[in-house]
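Here's the structure we're looking at; comments come further down.
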Amino acid sequence: MKYYRTGVHTLVDLLYSPHNIINSRKTDQKTAEEGNVIHFKLGYVGTEMFKRYYKFGDYLIEIVGTPDKINTKEGCVEELKTYRSEFSREAQKQRGKLQLIFYSWLTGLNCARLVLYDVANNKIELIYYSFSEKEINETLEKAVKKYIELREVLSK
């Protein structure tokens, strides 16, 4: 059995934006710092890393991730995404939903909340999700399959 370890962000990139993996672009330092400050100010500083194992054929994949926040009061896993335009809002909404699917699986929490923060207008939008076991499993299988294919190609 082959063993690999990967993170939620890599799996999200494989599903949503595989070009990010191929062309590992540098994040704009100023934008990254601004995002970190907003996360900190709003209390979205993930401190607990979760991990689970996913078996796919002859592969054992360790998947790790640190959600932005675990809201113990509501029993929700939360992800904060910032944006400045309608285009980036939609992209962040899709990426955030994918992350929450993985975080729901990792944490075992059925309640997932995406927090979209409009930097330009200082507005917050909340989107609640409750993913079905089928949706989680289909997403996991699709992402893990792509990850294994990538690893196998790179190892040749």
Side-chain angles (χ1 to χ4, degrees), residues 4-52 54 61 63-71 73-107 109-151 153-154:
Y4 292 123
R5 182 177 199 261
T6 189
V8 167
H9 287 279
T10 298
L11 297 176
V12 168
D13 275 346
L14 282 168
L15 293 177
Y16 184 77
S17 49
H19 56 277
N20 285 352
I21 291 178
I22 296 165
N23 307 319
S24 58
R25 59 182 168 82
K26 296 259 184 191
T27 305
D28 174 26
Q29 186 68 25
K30 183 180 177 192
T31 302
E33 287 174 8
E34 181 180 75
N36 289 338
V37 167
I38 291 169
H39 275 72
F40 184 74
K41 281 184 178 179
L42 296 177
Y44 288 88
V45 287
T47 56
E48 186 175 358
M49 179 184 284
F50 292 84
K51 73 176 177 179
R52 277 186 73 181
Y54 186 83
I61 311 298
I63 300 172
V64 299
T66 305
D68 283 342
K69 186 178 198 177
I70 301 293
N71 183 328
K73 191 178 197 181
E74 293 183 41
C76 275
V77 60
E78 299 185 11
E79 180 64 25
L80 172 66
K81 292 292 185 195
T82 62
Y83 68 94
R84 290 185 173 278
S85 69
E86 190 56 34
F87 175 79
S88 65
R89 178 191 171 277
E90 284 306 310
Q92 292 290 59
K93 185 177 172 183
Q94 292 303 314
R95 290 186 66 82
K97 181 180 179 184
L98 282 171
Q99 279 181 261
L100 285 168
I101 289 172
F102 292 112
Y103 291 146
S104 288
W105 177 75
L106 282 171
T107 63
L109 295 172
N110 194 32
C111 175
R113 183 164 77 173
L114 178 61
V115 180
L116 293 171
Y117 179 72
D118 180 345
V119 176
N121 297 305
N122 194 31
K123 291 185 181 176
I124 291 178
E125 174 185 0
L126 305 176
I127 303 172
Y128 283 86
Y129 297 101
S130 179
F131 304 110
S132 69
E133 191 174 323
K134 180 181 178 190
E135 185 175 12
I136 291 171
N137 288 333
E138 286 175 353
T139 304
L140 269 166
E141 184 175 321
K142 186 176 179 182
V144 165
K145 187 176 178 182
K146 286 182 177 232
Y147 179 76
I148 290 169
E149 289 171 357
L150 177 65
R151 289 296 301 250
V153 167
L154 293 175

Practice item. Check step by step if salt bridge (charged side-chain N to carboxylate O under 4.0 Å, His left out) holds for R89 and E86. Key: CA-CA 5 Å; R89 178 191 171 277; E86 190 56 34; 3.5 Å; yes

Point to revise | Residues which pass side chain to side chain contact (heavy atoms under 4.5 Å, CB included) with L109, listed by chain and number, not counting sequence neighbours | key: I70, V77, T107

**Study point:** Counterpart residues, salt bridge (charged side-chain N to carboxylate O under 4.0 Å, His left out), relative to K142 (two or more places apart)
**Key:** none

Revision key, fill the gap. Minimal heavy-atom distance between V64 and M49, with the atoms involved, is CB-SD, 4.0 Å

Practice item. Before giving the answer on side-chain hydrogen bond (donor to acceptor under 3.5 Å, both in side chains), spell out for E125 and Y83 the whole-Å C-alpha distance, their side-chain angles and the decisive distance to 0.1 Å. Key: CA-CA 11 Å; E125 174 185 0; Y83 68 94; 4.6 Å; no

**Study point:** Spacing of K97 atom NZ and E135 atom CD [to the nearest 0.5 Å]
**Key:** 5.0 Å

Check your understanding: Looking only at heavy atoms, which two atoms of L114 and K93 are closest? And how far apart?
Key -> CD2-O, 3.7 Å

Exercise for review: Would you give the length of the straight line joining atom OH of Y128 to atom CD of E78, rounded to the nearest 0.5 angstrom?
Suggested key: 7.0 Å

**Study point:** Exam field: side chain H39 to backbone D68, donor-acceptor pair closer than 3.5 Å
**Key:** no

Check your understanding: Does the salt bridge (charged side-chain N to carboxylate O under 4.0 Å, His left out) test come out yes or no for K81 and E79, once each step is laid out?
Key -> CA-CA 7 Å; K81 292 292 185 195; E79 180 64 25; 3.5 Å; yes

Exercise for review: Output all residues satisfying salt bridge (charged side-chain N to carboxylate O under 4.0 Å, His left out) with K134, sequence neighbours left out; order by chain, then residue number.
Suggested key: E138

Practice item. Give the minimum heavy-atom separation between S130 and N110, together with the two atoms involved. Key: OG-ND2, 3.0 Å

Exercise for review: Decide yes or no for I61 and I148: does some side-chain heavy atom of the first lie under 4.5 Å from some side-chain heavy atom of the second?
Suggested key: yes

Study note, to complete from the structure: Rounded to the nearest 0.5 angstrom, the CG-NE2 distance for L14 and H9 is 13.0 Å

Point to revise | Expected output: side-chain R52 to main-chain W105 donor-acceptor under 3.5 Å | key: yes

Point to revise | Donor-acceptor contact below 3.5 Å, side chain Q92 vs main chain T82 | key: yes

Review point. If every non-hydrogen atom of F131 is compared with every non-hydrogen atom of S104, which pair is closest and at what distance?
Key: CD1-OG, 3.6 Å

Practice item. Take L100 and R113, measure what side chain to side chain contact (heavy atoms under 4.5 Å, CB included) needs, and give me the verdict at the end. Key: CA-CA 8 Å; L100 285 168; R113 183 164 77 173; 5.8 Å; no

Revision key, fill the gap. Between the CG atom in L126 and the CG atom in L80, the distance rounded to the nearest 0.5 Å is 10.0 Å

Check your understanding: Quick one: does Y4's side chain have a donor or acceptor within less than 3.5 Å of a partner on I63's backbone?
Key -> no

Point to revise | Interatomic distance, F102 atom CZ to T10 atom OG1 [nearest 0.5 angstrom] | key: 10.0 Å

**Study point:** Nearest-0.5 Å distance, OG of residue S85 to CD of residue E90
**Key:** 10.0 Å

Review point. For A143 and L15, which heavy atoms make the closest approach, and how far apart are they?
Key: CB-CD1, 3.7 Å

Point to revise | Sub-4.5 Å side-chain heavy-atom contact between Y117 and K41 | key: no

